[in-house]
Each structure stands twice: as C-alpha cells, then as structure tokens.
Amino acid sequence: MSIEVKVLLFASAREAAGNISETSISLDEGATTATFRRVMAEKYPGLSSLVLDEDSLTLALNEEYIESEVVLKNGDTIALIPPISGG
Amino acid sequence: MSVVQDKYLIRVSDDIPSLEECNTFVSDPSCGAISSFVGITRDNFQNKKVIMLSYEGYVPMAEKELKKLCVEANEKFASIKRIAIVHILGDCPVEAASVIICASSPHRREAMHCVEFLIDELKARIPIWKREIYEDGDGESVWKENVEWHEGKQRRVMVKVER
C-alpha cells in the first residue's frame, strides 16, 4: 500500500527544486516526515542539502508547523518552509 | 476582505488596504487610541542599492497564522478592540508599504504594545518570504531570512498536532 501526499514549495526551496511550486509524491504507508525528506532529496538533487537540513527547512503539515517526526496520511499536504522573511 | 467577527481585518495579497482603510477599520467610539505600524521598502542594504522587494506567501496558512496571532494578542492585551494586519505579496518598490498593522484600545499603552508584539511575531512565524532585488549586476537578488524566525523556533509550535 502506498499513500499520496501533496507537496508545496516556496521561495528558495521552490527554486532549488527547479522552480516547482506544487507536486505530489507517493510514499509507502507508514512513511514519516523523515522519510518524506529523504524521498524529496532523491527526487530533487538540487533540493537535497536544504530538505535534509532540519534547522534550515521547516515543514508544515496541513497548514500547521511541525517540528518533530510525524507519520503521514494519504491526502496530507506538506509545505516546505525555508527561513521566512515577511515584514 | 477576510474579517473575523468584525474584530480582525486580515489579508495577505497583492492588493492590500491602505493605512487609512486599516485605521478606519479599527476605529471605535470607545477607543481613545489607535496605534499603527507601517513597514516600507528601504533603498539600501549593506551599501547595496535596493530597487525593490518581492514577496511570496503561503496564503491560506499565513492568514490562518495571522488569525491565531490576533487571538493571542487579544488574550495578552485584553482591552484591544480591533486589529488590522495586512501584508503585501508580489513586488514592493522603495517607499511602498509591505505590511500595515493597526490596533485600537481605550487607552494608548495596550494599543502600542500590541502593535509591537504583532510585528515581532509576524516576523517570527508567518510564512511569507521576501527577495531583495539590487540595482547592481544583472538583476542580482537574495532571499532574506528574519532573525526572529530563528529565535522563534519554539514559539511556532503552540499546539502539538494530534495524529
């Protein structure tokens, strides 16, 4: 069984992935946010150093920040949040 | 306009209300004070000439986080009557407003402290990014990072997500 998650990329993360702002990926059932980071790094080599660095890249799951490892569900939306700079 | 119970005016968009419209929104007969903050594009950064900033945002999450932030501000500063907090997206040339925050209260101190709290927290946790575009070079530009984001890591996760 596999699950499908929607991925949103912003700012430097979007550019590092080749200017992709939205995509979806399949993961094995039971995959966590850590799995997700590894799969994204393999799929987008330009993004790998950023997506694997938890200090530089935060994730938001269904529009909420998450800091610890979480098990993903089918239909989740994950956003890649590089350091913000609003204001 | 995204209005929550007429108490908060929140918008993250390429078309934001003016300072005057924000002041009008927060104004109330019971309030003797309106405090406001306007962030504008500055023309320089470390001896480089800046021609504009360009903003990008995760709009639904940014607006959701701004609503949470307004509720928190109201818990912290109980006499606050209304808040307007709006942020531009897209290009923002020198001297144009990128962020406008207004708060009203019966007396001045709560409104002033509330606005300071709101801009500091906005910079720490609202998912918006700016690219600084310089005059020199062939459209040289840099994604900026707020120091408040790095300092605010603990504050962003207020409630653990139940899964």
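The chains referred to below are lettered A, B, ... by the order of the sequence lines, with proteins before strands, and numbering in each begins at 1.
Of the atoms belonging to B:K64, it is side-chain heavy atoms, and not backbone ones, that fall under 4.5 Å from chain A. For B:E145, the parts lying under 4.5 angstrom from a heavy atom of chain A are both the backbone and the side chain. Heavy-atom distances place the side chain of A:T77, and not its backbone, under 4.5 Å from chain B. Using a 4.5 Å cut-off between heavy atoms, B:L122 touches chain A through backbone and side chain atoms alike.
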- Message: Assess the residue pair B:L69 and B:R125 against the criterion (side-chain contact (heavy atoms from CB on, under 4.5 Å)); give the C-alpha distance rounded to whole Å, side-chain angles, the decisive distance to 0.1 Å, and a yes or no.
- Response: CA-CA 9 Å; B:L69 183 54; B:R125 55 171 148 136; 3.4 Å; yes
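Taking the ring axis of B:F45 as reference, the NZ or CZ atom of B:K144 stays within 45° of it and closer than 6.0 Å to the ring centre.
Most heavy-atom pairs under 4.5 Å with chain A: of the set B:V99, B:I88, B:I126, this distinction falls to B:I126.
Crowding of B:E116 atom CD: a count of heavy atoms from other residues, nucleotides or ligands under 6.0 Å not exceeding 12.
For B:D43 and B:K49, the salt-bridge test passes: some basic side-chain N is under 4.0 Å from an acidic carboxylate O.
Side-chain rings of B:W129 and B:Y55 stay apart, their centers remaining 6.0 Å or farther from each other.
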